[in-house]
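Here is the structure we will look at, set down as structure tokens.
As the structure lists them, so they are numbered: ligands from 1, and atoms in each ligand from 1.
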Amino acid sequence: MAKKTPALRSAQWFGRDDIYGFLYRSWVKNRGVPQDQFDGRPVIGICNTHSELVPCNSHFRAIAEHVKAGVLEAGGFPLEFPVMSLGETLLRPTAMLYRNLASMDVEESIRANPLDGVVLLVGCDKTTPALLMGASSVDLPSIAVSGGPMLSGKYRGTDIGSGTNTWSMSEDLRAGRITLKEFHEAESCMHRSHGHCMTMGTASTMASMVEALGVGMPGNAAIPAVDARRNVLARMAGRRIVGLVGENVTLSKILTRQAFENAIRANAAIGGSTNAVIHLIAIARRIGVDLRLEDWDRLGRGVHCLVNLMPSGKYLMEDFYYAGGLPAVLRELGEAGLLHKDALTVNGATIWDNNREAPCWNRDVIHAQKKPFKKNTGIAVLRGNLCPDGAIIKPSAATPELLRHRGRAVVFESIEDFHRRIDDSALDIDETCVMVLKNCGPKGYPGMAEVGNMPLPPKLLKKGITDMVRISDARMSGTAYGTVVLHAAPEAAAGGTLALVETGDLIELDVAKRKLQLLVPEKTLAKRRAKWKKPKPPLTRGYWKLYVDHVLQADQGADLDFLVGKSGAFVPRDNH
Ligand code: FES
């Protein structure tokens with residue numbers, strides 16, 4: 001039984017002997033809760049993103065039950081509540097449009113309710129940042145529990161990975177290398193269990209970030225969704241959150257600058273998704289850490305990719321777990337002096353205490369720092385007249401020969417323009433060209449869609465071309481690959497130089513020098529700028545309007561400007 005703590009926040013609701021105490025307790029008792037649950041024990045919210053519209057989180061009812069069991073075992077009182085859930089596969093136009101909306105739901109649901117601590121159930125890409133952003137703005141003791149990756153896809157004797165092989169098979173179909181029957185068969189083979197994408201895409205990256213930040217339990221990143229040990233982790237998180245409340249370890253004591261720096265290096269070491277850049281900056285700005293684009297470039301330099309996982313390599317998350325998972329990677333980073341070893345984690349130990357003896361069982365899956373899978377693979381932050389506020393590229397997913405390239409721009413004014421023209425055999429394009437896509441940034445799309453890895457023209461695919469330089473203000477799926485420059489800021493729809501590029505202009509990319517330059521004289525650009533007209537947003541009311549009016553650029557995490565920072569757990573104007 002947890003000790004009665006008068007300072008518990010929930011006592012403002014359940015610890016009262018007046019009319020309000022009556023109504024707070026009485027209504028909760030309507031499902032059979034006995035009086036002793038209101039004796040001053042910590043009330044733990046289980047923030048659930050279960051939804052049948054979010055296939056990656058469809059097993060979260062079961063996970064929540066394991067968290068509840070842990071909370072009860074530790075003497076807490078669990079109360080599960082739903083929040084808006086976001087799935088990558090079904091939501092239109094893009095789940096990212098709603099990340100900030102979901103974070104508002106999470107923030108207000110936590111603050112407005114009688115909670116002392118929270119367990120955040122996260123899985124599909126945007127659910128992790130949305131819940132961490134919302135929880136950061138309240139700053140109660142919090143633990144994130146990821147739902148875990150799906151089992152490896154199995155197709156005709158080979159492993160196939162979500163997203164990564166979707167892209168490659170779609171290109172094979174377009175190039176006539178596979179039949180429609182084979183394409184349909186692969187659909188059934190790819191996703192065969194509960195869980196999120198099992199490549200090192202955004203969901204697996206963010207689950208790894210949860211562990212590297214110390215806001216999840218050790219092992220959080222990779223235990224498969226259907227492995228019994230995922231349930232054990234959920235149960236242990238349920239037990240531990242009660243202790244965190246007792247120790248008053250709020251989220252801001254975990255999410256420190258050191259924690260974010262550890263996560264950035266871990267992201268480089270796992271060949272993680274470019275989406276982590278936006279999400280971590282957004283979370284940091286909520287909790288009060290001034291994390292910038294430059295931090296990614298500075299901290300990622302000299303960090304090698306240790307993990308041979310799709311999309312950068314060949315294995316999948318299940319292999320990663322059996323090989324040792326993120327603890328084996330964190331140990332390598334720590335031994336190389338690339339970890340803030342004292343960073344506190346939610347289990348009460350430091351990140352180094354948790355990982356210093358982590359074993360590695362397969363060096364083909366998790367390489368040693370001395371013999372990395374790929375060298376120097378941190379996110380590169382580019383600057384130049386095309387992106388004065390920055391753009392990023394993931395060198396580990398790019399073709400090395402294209403990392404220094406000068407080519408003729410072929411411009412697509414919007415994603416619709418791209419779809420209209422890309423299959424046209426008359427399109428004037430060859431493999432030396434630079435494909436430029438505009439108006440797919442935070443305001444332009446709106447929601448900053450994952451369309452930056454534009455499919456190549458079929459006529460070049462048929463020639464055997466597999467990669468070209470592509471530039472946009474969009475994002476890219478964490479499961480995708482290629483020499484793709486993303487997140488150009490300011491975006492085209494905000495009047496960035498990207499809006500002024502015309503087909504035929506020369507563009508120079510030099511990743512080693514961190515440069516992205518439109519080779520057009522400033523005078524010409526000024527004339528084009530004078531003629532430029534801001535594109536009209538597709539909807540001008542409701543949440544879409546709120547979003548377009550207030551969304552920040554990618555370099556600032558694409559949060560809504562009025563959501564940056566935190567209000568804390570205090571409820572103003574509480575007249576009860
Ligand atoms: Fe949910 Fe990939 S679709 S993680």
- prompt: Which part of C124 is near ligand 1, with near meaning a heavy atom under 4.0 Å away: side chain, backbone, both or neither?
  reply: both
statement: For T89, the atoms of ligand 1 under 4.0 Å from one of its heavy atoms are 3 (S)
- request: Measure the acute angle between the ring planes of H194 and H59, then classify it against the limits of 30° and 60° as parallel, tilted or perpendicular.
  value: parallel
message: Could you measure the distance from the CE atom of M209 to the CG atom of N267? Nearest 0.5 Å is fine.
response: 4.5 Å
query: Do any of the N/O/S atoms of H196, backbone or side chain, fall under 2.8 Å from atom 1 (Fe) of ligand 1?
result: no
- request: Enumerate the atoms of ligand 1 whose separation from the nearest heavy atom of E88 is less than 4.0 angstrom.
  value: 3 (S)
Salt-bridge present (K443, E491; N to O < 4.0 Å): no
statement: Note: L486 and V484 closest approach over all heavy atoms is CD2-CG1, 3.6 Å
message: If we ignore hydrogens and angles and just use 3.5 Å, is the side chain of T205 paired with the main-chain N or O of S273 as donor and acceptor?
response: yes
query: For ligand 1, which atoms sit closer than 4.0 Å to a heavy atom of A203?
result: 4 (S)
message: Can you name the atoms of ligand 1, numbered from 1 with element, that are less than 4.0 Å from a heavy atom of C56?
response: 1 (Fe), 3 (S), 4 (S)
- prompt: Tell me, which protein residue and heavy-atom name are nearest atom 2 (Fe) of ligand 1, and how many Å apart are they?
  reply: C197 SG, 2.1 Å
SB check R174 D423 (cutoff 4.0 Å): yes
